[in-house]
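Quick note: residue numbers are just sequence positions, from 1. Each ligand, and each atom within it, is numbered from 1 in the order the structure gives.
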Amino acid sequence: MKGRITIICENTVSTKGGLGEHGLSVFLETERGNYLFDTGRGQSLIPNLLHFDKDPLSIQKIFLSHGHQDHTGGLAAILELLGEIEVLAHPDVFSTRYNISQKEGKEIKRFAGLKFKRAYLESLGGKFILEKSYCQVTQEMFLTGEVPRKTSFEKGDARLFAESGGNLFPDPFFDDQSLVIESPKGLVLVLGCAHAGMINILEYVIEKTGRDQVYAILGGTHLDFASPLQVEETIAALKKYKVEHIGVSHCTGLKAASRLSAEFREKFFFGQVGETLMVE
Ligand SMILES: [Fe+2]
Ligand SMILES: [Fe+2]
């Protein structure tokens, strides 16, 4: 694929302007059309698309990495503009989910899932294509579907729960998936939050594509909520892949991003709103 990948929603902005919000969305321009991966939290998607001269009406398909509201919150706004369009996701994208933390001895429970009902999104034109497995979504792009958890050091975020039948349980994030682009320079991996673990995802994509040249990794890594040991083990594992561009951000957090920047130097960039990666 030849094209350009632009970070449209992210927690922070650079001198290029746009709005920051805690969330993620990525705009993909290819020779065969434009696509949207995730939709941010809801407030910055449309303003930022317009700010960076990306025509929302050019979007041909929407891909969702998982059901968290900081990735799905802009879905209603974009569907209101686009009308009928395919939205590709894992069936568990509609799970009821919470973020539960403790503060001063008190439990704080926040709803963290998709904030719109499926029927409402469908009434706006969203045509959900729900798939659990690795699948081709355009001529050059693939979605991973469920990613097997194999590494010993990638632990889930203990604050994140799902609910079913009135029972709360640690969120298994079966719906966590990433976008894969097979480019002549190697694989380009766009992560949502990488709840499956960035190294698990990399290993799975290498297995599925039969290619081990990784050109770039963008998106959220969730390392902000991992132990310092997990961050170090992830960095050690990542070094084996000889990735040329690491443009992660969002739930990577500034501490882990600083560690990645120190380790990968000129290969690292912070994937803020407006940052781009050319794929040739
Ligand atoms: Fe996120
Ligand atoms: Fe998430």
Q. In the shown structure, where waters are left out, how many protein N, O or S atoms lie under 2.8 Å from the Fe ion (ligand 1)?
A.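 N, O or S atoms of the protein closer than 2.8 Å: 4.
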(Q) How close do P56 and I78 get, counting heavy atoms only, and between which atoms? (A) CB-CD1, 4.1 Å
(Q) Using a 6.0 Å cut-off, check whether atom CZ of R110 has over 12 heavy atoms from anything other than its own residue. (A)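 No, not enclosed.
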(Q) Test of understanding: with side-chain hydrogen bond (donor to acceptor under 3.5 Å, both in side chains), list the residues that count as partners of K54, not counting sequence neighbours. (A) E29
Q.
Test: salt bridge (Lys or Arg N to Asp or Glu O under 4.0 Å). Region: residues 223-233. Which pairs qualify, not counting sequence neighbours?
A. E232-R259
Q. Of all N/O/S atoms in H66, which lies nearest to the Fe ion (ligand 2)?
A. NE2
Name the atoms and distances for all side-chain donor-acceptor pairs under 3.5 Å in residues 187-201, with sequence neighbours left out.
unit_1 : atom_1 : unit_2 : atom_2 : d
H195   : NE2    : H66    : NE2    : 3.3
H195   : NE2    : H68    : ND1    : 3.3
N200   : OD1    : K150   : N      : 2.8
N200   : OD1    : T151   : N      : 2.9
N200   : OD1    : T151   : OG1    : 3.4
N200   : ND2    : E154   : OE1    : 3.4
N200   : ND2    : A196   : O      : 2.8

Q: Rounded to the nearest 0.5 Å, what's the gap from CZ on R41 to CG on N11? Could you check?
A: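 Interatomic distance, R41 CZ to N11 CG, rounded to 0.5 Å: 9.0 Å.
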